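Comments concern the structure below.
Not measured: the values here are computed from a predicted model. Every chain is numbered from 1, with letters handed out A, B, ... down the list of sequences. Values below: all heavy atoms of this structure, side chains included; hydrogens, waters and symmetry mates excluded.
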Amino acid sequence: MSHFVLIDGNSIANRAFYALPLLSTSTGLHTNAVLGFTTMLLKVIEEMKPTHIMVAFDAGKVVFRHSEYADYKGGRAKTPPELSEQFPLIRELLDAFSIQRFELEGYEADDIIGTLTKRADEQAWKTTVITGDKDMLQLVSEHVSVALTRKGVSEIELYTPQEIQDKYGLAPLQIIDLKGLMGDTSDNIPGVPGVGEKTALKLLHEYGSVEEVLANVDRVSGKKLQENLRENVDKAKMSKELATILREAPVELNVQETGYDGYDGALLSEFFKRMEFKSLLSKIKVDAPVEGEGQAANAAPFHFEVVTEESAAKFAEKLTSPMAFYVEMDGDNYHHAPIIGFGLSADDVNLYVPWDQAKEWKAFSQWLEDSTKEKWTFDGKRDTVGLAWHDQDIKGIGFDVYLASYLLNATESNPTLDSIASQYAQVRVRSDDEVYGKGAKRLLPEEDVISEHVAHKAAAIWQSVPVLREQLAENKMNELLNDLEAPLSMVLALMEKQGIKVNRDRLAQMGVDLDAKLEGLTKQIYELAGQTFNINSPKQLGEILFDVLDLPVLKKTKTGPSTSADVLEKLSPYHPIIDAILTFRQLGKLRSTYIEGLTKEIHSKSSKVHTLYNQATTATGRLSSTEPNLQNIPIRMEEGRKIREAFIPSEEGWYMLAADYSQIELRILAHISGDENLIDAFQKGMDIHTRTAMDVFGVEEGEVTSLMRRQAKAVNFGIVYGISDYGLSQNLNITRKEAGDFIERYFSVFSGVKLWMEEIVKQAKQDGFVTTLLNRRRYLPDIRSSNFNLRSFAERTAMNTPIQGTAADVIKLAMIRMQDSLQEKGLKSRMLLQVHDELVFEVPQDELEMMKQLVPEVMESALKLDVPLKVDVSFGHTWYEAK
DNA sequence: GGTGTCACG
DNA sequence: ACGTACGTGACACCG
């Protein structure tokens, strides 16, 4: 049986736009209306099984109603640009779906739909209209239903004549009379003043139509209502006319031409990839062979083989170059995770090798260790370290899809193989959560499920590489991958596997001291509060401070009054409990995170901690460190700094050596902004905060007070972060006006910095992204937003990212050179840690003098800038002493 | 799993 | 008028 579905394109797009948050792709394309439209279409296709579909759009400026009533739709807000730019995408979406769309110069979608439903009705076709506009209910008849969207576009409510009768007590055509009397503000249909839905319905139940109401106005109850009706006869008649949908528009589209027989899965998945609709991608492929003709993109069946003891010899010749390679492990932490097996893929083969089999397969380990056999991987660092724990070398990693996809879009942190596959490959890879379950539900599935999953992964890598290569070349990022990130990943692999020695007994001893102090503080706090409570609970603490002790609330969070340290510091004079709480918090943090947390991370095999450097997490290009995070070991407070005493060399008689860049971010700012004053300050080797204070406060070097220097330092930080008067005022505890004055004075002295900041924001608005010196890219989708907050945030990011990101580029380059240098010189010294602007080494005594020279030399010459880079070196028996 | 807090650069 | 400093990760609550 035929089923004709007509969709009010403008209405649905509007609904979707306002119902969904303003989503956008990594490159800044807004997509929320497109997404809403898509979900609606998928739902309609699945549930209504239409044989014919047509989507109508408004077109042209002069809608015929305008000539009759100048104010028509005048009250409607202008379409925001974020929505209008999505209409072309929605048209593309419909083309990808192979759905007919139609628009007619000078007519609204309503009228096109009105006309076509009439024609369909005449042929007694089953017809459904999808819209968000209640006016359309007038089209309902024996054969025509109207589906109104509710709650955005996710749910629909179907109206037949019976439902309209039940809900309004009216026949469908009386909807026009209803609008004529009550009007519609969204369409600027005036209606009769003082008549709303209730009155209009009452009148219609009694008299049936606008004309009859007006003819019987004397009998209408209510003096005021009678008066309103008498005085607005013309308005009522005109309103009815405006609300009437045209059924005779000159639509030259035959109903038969709207036939729908399924979508082209390949076209649609192409479009979804471009829109970054990841969850929808999997949906359509499963459903793809709709109604015969629509062919799924991945129709070719996936074929793979499992390598067994018997078949191994046969497959040895399949170990070629290049070849995609994946190591499946049972767990995320590859310092601990057992290896499950390997996936291998090339044009003519997909293999799965179980770990037990791989261990026995000589040809395979030879292939792994052969640097001339090029491997394409997903996270070569993970493969390298994971295998190293099993004494298996791997050489010849030629491409890393993990790093490549991160460089193409650093905002999507930690790309997973399933998402990479959905963007760059044809094969679908299930997510690990789906295959293994997550959290407590995690378990290993049957062997054949695993082997297929792993083979899919290798195939996805194989298929993704050419696409990724092409896109990297387009963005001119080949060097960034090949000369920076890829070699760095191998340096990081060494550092992670090497690990750093932690003195467990020293930590335990500090723990005992802390326990005693915390116990004392707890007692003290309970006494001052007059009761016991959980000091670690912000909620309970808030009740004690602000209800029991009645202290003033200075700042609020979403859930209640804030108890953060900056608030507590201001409350300190009011009550002695505050200082006790601050100390409790400080020591509690040391105990839980740095004593207990760190101790748990000591590896059973090596007695060291082996961090995981994440090379694809941050939006700026920095590394991050987890399990444990070794980039946030305390240093600012002396009590915390003592934690560093537990970090020691792994060999007797060696030293810890630390080297950090001095003011690297401001030096980079000097270079990229070209500000003469800032460059001059660094070339003269001055203390930059003192110099800033001199310039901003207009004093001589000797006259700079410590307060002035502190304020200048805060201004310098603010500059790097993308300054705002509000942020600076918060930091310095001064008024916004004062902060604004500081900034103004700063910019008048460092005018080159000001110019650069204006320029970078302008450029970001134009391109939609900013770059670092080594062409690392960060997209800023919100930079053109009409939302002040989002836009401001993006503007500050535009200023900060080139600075922070270039600093990351520089130290990464230095690390590669450093490792090369150590190897080339045959030194035993080892690079252990990177903390954003600092490198930490362990060094044998007889290399100490050499390393004190070599490390700063390599770091300072990593990248040639217009200002010198400066590195400070220190050493000692522990990390604490290297200060 | 979200929120608040706090450790680092 | 708007209401945040930039970039991270770990821990403790709490529903």
If we ignore angles and hydrogens, is there a donor and acceptor under 3.5 Å between the side chains of A/S662 and A/D872? no
Name the nucleic acid region contacted by A/A619, choosing base, sugar-phosphate or nothing; use a 4.0 angstrom heavy-atom cut-off, strictly under. sugar-phosphate
Looking across every strand, which nucleic acid part, if any, lies under 4.0 Å from A/F793 by heavy atom: base, sugar-phosphate, or nothing? sugar-phosphate
Candidate list A/R776, A/R796, A/R778, test side-chain hydrogen bond (donor to acceptor under 3.5 Å, both in side chains), partner A/T801, passing option: A/R778
Length of the CZ-P vector between A/F533 and C/dC14, whole Å: 12 Å
Walking DNA chain C from its 5' end, the first of A/R736 and A/T801 to be reached, judged by nearest nucleotide, is A/R736
Within the distance-only criterion (no hydrogens, no angle test), does the side chain of A/Y526 pair as donor or acceptor with the backbone N or O of A/F533 below 3.5 angstrom? yes
Classify A/A714 by what it touches in the nucleic acid, base, sugar-phosphate, or nothing, heavy-atom distance under 4.0 Å. base
Quote, to the nearest angstrom, the P distance that separates C/dA5 from B/dT3. 16 Å
Can you check whether A/K600 has a side-chain N or O nearer than 4.0 Å to OP1 or OP2 of C/dA10? no
Counting any heavy atom closer than 4.0 Å, what does A/G722 reach on the DNA or RNA strands: base, sugar-phosphate only, or nothing? nothing
Assign A/N534 to base, sugar-phosphate, or nothing according to its heavy-atom contacts below 4.0 angstrom with the strands shown. sugar-phosphate
Aromatic plane relationship, A/H603 with A/H336 - under 30° parallel, 30 to 60° tilted, over 60° perpendicular: parallel
Would you say the side-chain atoms of A/T617 pair up with the backbone N or O of A/N614, donor to acceptor, closer than 3.5 Å? no
Using whole Å, report how far CG of A/L598 lies from C1' of C/dA10. 12 Å
Under a 4.0 Å heavy-atom cut-off, which of residues 748-758 of chain A touch DNA chain B? none
Any donor-acceptor pair under 3.5 Å joining the side chain of A/S724 to the base of C/dT4? yes
Go ahead and name the base partner of C/dA1; Watson-Crick or wobble counts if both distances stay under 3.5 Å, otherwise write none. none
For a quick test of reading the model: is some side-chain N or O of A/R796 closer than 4.0 Å to OP1 or OP2 of C/dA5? no
Pairwise P distance, C/dG3 and B/dA7 [rounded to whole Å]: 29 Å
Can you confirm if the NZ or CZ of A/R442 lies within 45° of the ring axis of A/Y436 and under 6.0 Å from the centre of its six-membered ring? yes
OH of A/Y726 versus C1' of C/dC6: gap in Å, rounded? 17 Å
Whole angstrom value for the distance that separates P of C/dA12 from CD of A/E596: 7 Å
Annotated protein contacts, base or backbone, on nucleotides 4-9 of chain B with a non-hydrogen cut-off under 4.0 Å, one of B, S, - each: SSBBBB
Spacing between A/Q540 atom CD and C/dC13 atom P, to the nearest angstrom: 9 Å
Would you tell me whether A/T411 and A/N409 have side-chain atoms, one donor and one acceptor, within less than 3.5 Å of each other? yes
Where each residue is assigned the nucleotide of DNA chain C containing its nearest heavy atom, which of A/N789 and A/S624 is assigned the position nearer the 5′ end? A/N789
Ring centres of A/F697 and A/F742 under 6.0 Å apart? yes
Does the A/R791 side chain pair with the main chain of A/R784, one donor and one acceptor, at a distance under 3.5 Å? no
May I have the distance from A/L780 (atom CG) to C/dC6 (atom C1'), rounded to whole angstrom? 13 Å
Side-chain ion pair, A/D741 and A/R745, N-O less than 4.0 Å: no
Hunt down the Watson-Crick or G-U wobble partner of B/dT5, both distances under 3.5 Å, from any strand shown, or write none. C/dA10
Closest listed nucleotide, where the reference is the side chain of A/R778 and the choices are C/dG7, C/dA10, C/dA5: C/dG7
A/F769 six-ring centre to A/R777 NZ/CZ under 6.0 Å and within 45° of normal: yes
Can you tell me how far C1' of C/dG7 sits from CD of A/Q834, to the nearest Å? 13 Å
Same-atom distance (P) from B/dG4 to C/dT4, integer angstrom: 13 Å
